[in-house]
Amino acid sequence: MAAAAIKTAPRLARDFFARPALVVARELLGARLVRIEDGQRLGGLITETEAYSGEEDLGCHCKAGRTPRTRVMYGPPGHAYVYFTYGMHWCLNFVVEVEDYPAAVLLRAIQADEGISVIASRRVGVPSAHWTDGPAKLSRALHLDKAFNGADLCAPDAMLFLEAGAALPDSLVSMSPRVGLNNVPEPWKSNPWRFRVLQNATEALRAG
DNA sequence: AGCACGATTAACT
DNA sequence: GTTAATCGTGCTC
């Protein structure tokens, strides 16, 4: 797809994020993630998210309460929470709900369509279908790391932000348990707080 | 100071 | 299906 065919849309503002994590996670599907690097737009349409909300959610990092790592999740909504895991991976979240209540939406996959040549250079040897189909993969593709932890997504000069997309009907969305919570007790392990755009719908998104 | 584990990925068998 | 890579984080001693 030619870059010229991509239309910019209104940015998602703070009030979009200041809602329950489950609502934000669902509505982010179809929205556009944009990261400005060296004056160039990198990004794509969001196809998979997960919701994490509250200290009582034992799948959430904030089950440990306020710590140096979780500090930004207790801050105001509309900021990035970027954490490091497995000794080598960065994962991007968006802080949601209200200040002093820890909640975030994990970005698990995007359909990249801007800055493709830059993304390709970071994913040498990997088929394009797998460039950004995992939380750590998309962070690597867009060069997102701890430098973005706490970044305000709603600032006028933000280098990382979201743009509104077309609303997706429920028929194109699947809900399932969150990934990677194998040692987390029920019911949090099985709560269907993972949201995905169905495969065939992803193709439709790509076509526009 | 030491330890076990992790909101993952890629490369195996 | 299994497992190594690799180190920050939060917990225990």
Nearest whole Å is fine: how far is [N] [atom2] from [X] [atom1]?
| X | N | atom1 | atom2 | result |
| --- | --- | --- | --- | --- |
| Asn149(A) | dT9(C) | CG | P | 9 Å |
| His89(A) | dA4(C) | NE2 | P | 15 Å |
| Lys146(A) | dC7(C) | NZ | P | 12 Å |
| His61(A) | dG8(C) | NE2 | C1' | 11 Å |
| Tyr86(A) | dT9(C) | OH | P | 16 Å |

Need one value for [X]: base, sugar-phosphate or nothing, where a base atom within 4.0 Å counts as base even if backbone is also close, heavy atoms only.
| X | result |
| --- | --- |
| Asn93(A) | base |
| Arg69(A) | sugar-phosphate |
| Leu106(A) | base |
| Arg194(A) | nothing |
| Gly180(A) | sugar-phosphate |
| Phe84(A) | sugar-phosphate |

Q: Check Leu107(A), Val82(A), Leu160(A), Asn149(A) against Leu144(A) for a side chain to side chain contact (heavy atoms under 4.5 Å, CB included) and give me the one that passes.
A: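 Result: among Leu107(A), Val82(A), Leu160(A), Asn149(A), Leu160(A) is the only option passing the side chain to side chain contact (heavy atoms under 4.5 Å, CB included) with Leu144(A).
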
Q: For Glu37(A) and Arg122(A), run salt bridge (charged side-chain N to carboxylate O under 4.0 Å, His left out): C-alpha distance rounded to whole Å, both residues' side-chain angles, the deciding distance at 0.1 Å, then the answer.
A: CA-CA 13 Å; Glu37(A) 183 179 34; Arg122(A) 298 202 170 106; 2.8 Å; yes

Q: Using Watson-Crick or G-U wobble geometry with both distances below 3.5 Å, tell me the partner of dA7(B), or none.
A: none

Q.
Which nucleotide, if any, forms a Watson-Crick or G-U wobble pair with dG2(B), using both distances under 3.5 Å?
A.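 Pairing partner: dC11(C).
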
Q: Please check if Tyr52(A) and Val179(A) belong to a single hydrophobic cluster, counting links between Ile, Leu, Val, Met, Phe, Trp and Tyr side chain heavy atoms closer than 4.5 Å.
A: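 They do not share one cluster, since no chain of ILVMFWY contacts under 4.5 Å joins Tyr52(A) to Val179(A).
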
Q. Do side-chain atoms of Arg178(A) reach the backbone of Ala51(A) as a donor and acceptor pair under 3.5 angstrom?
A.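 Yes, the answer is positive, given that a donor and an acceptor are paired below the 3.5 Å cut-off.
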
Q. Quick one: how far along DNA chain B does chain A reach, first to last nucleotide 5' to 3', anything under 4.0 Å to a heavy atom?
A. dG6(B) to dA10(B)

Q | Residue mapping more 5' on DNA chain B - nearest nucleotide basis, His130(A) or Met73(A) | A | Met73(A)

Q: Starting from the 5' end of DNA chain B, give me the residue, Val184(A) or Val126(A), whose nearest nucleotide shows up first.
A: Val184(A)

Q: Classify the angle between the aromatic ring planes of Trp90(A) and Phe84(A) as parallel (below 30°), tilted (30 to 60°) or perpendicular (above 60°).
A: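 If you compare the ring of Trp90(A) with that of Phe84(A), the planes turn out tilted.
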
(Q) Between Arg41(A) and Glu114(A), does the salt bridge (charged side-chain N to carboxylate O under 4.0 Å, His left out) criterion hold? Intermediate values first, please. (A) CA-CA 6 Å; Arg41(A) 284 171 62 106; Glu114(A) 291 186 88; 2.7 Å; yes

Q. Rounding to the closest angstrom, what is the interatomic distance between dT3(C) and dC5(B) at atom C1'?
A.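 After rounding to an integer number of Å, I get 16 Å for this pair.
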
Q) When the P atoms of dT6(C) and dG2(B) are considered, how many whole Å apart are they? A)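 Roughly 22 Å separates the two P atoms.
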
Q: Decide side chain to side chain donor-acceptor pair (under 3.5 Å) for Thr70(A) and Tyr83(A); before the verdict, give the C-alpha distance in whole Å, the side-chain angles of both, and the deciding distance to 0.1 Å.
A: CA-CA 9 Å; Thr70(A) 61; Tyr83(A) 69 87; over 6 Å; no

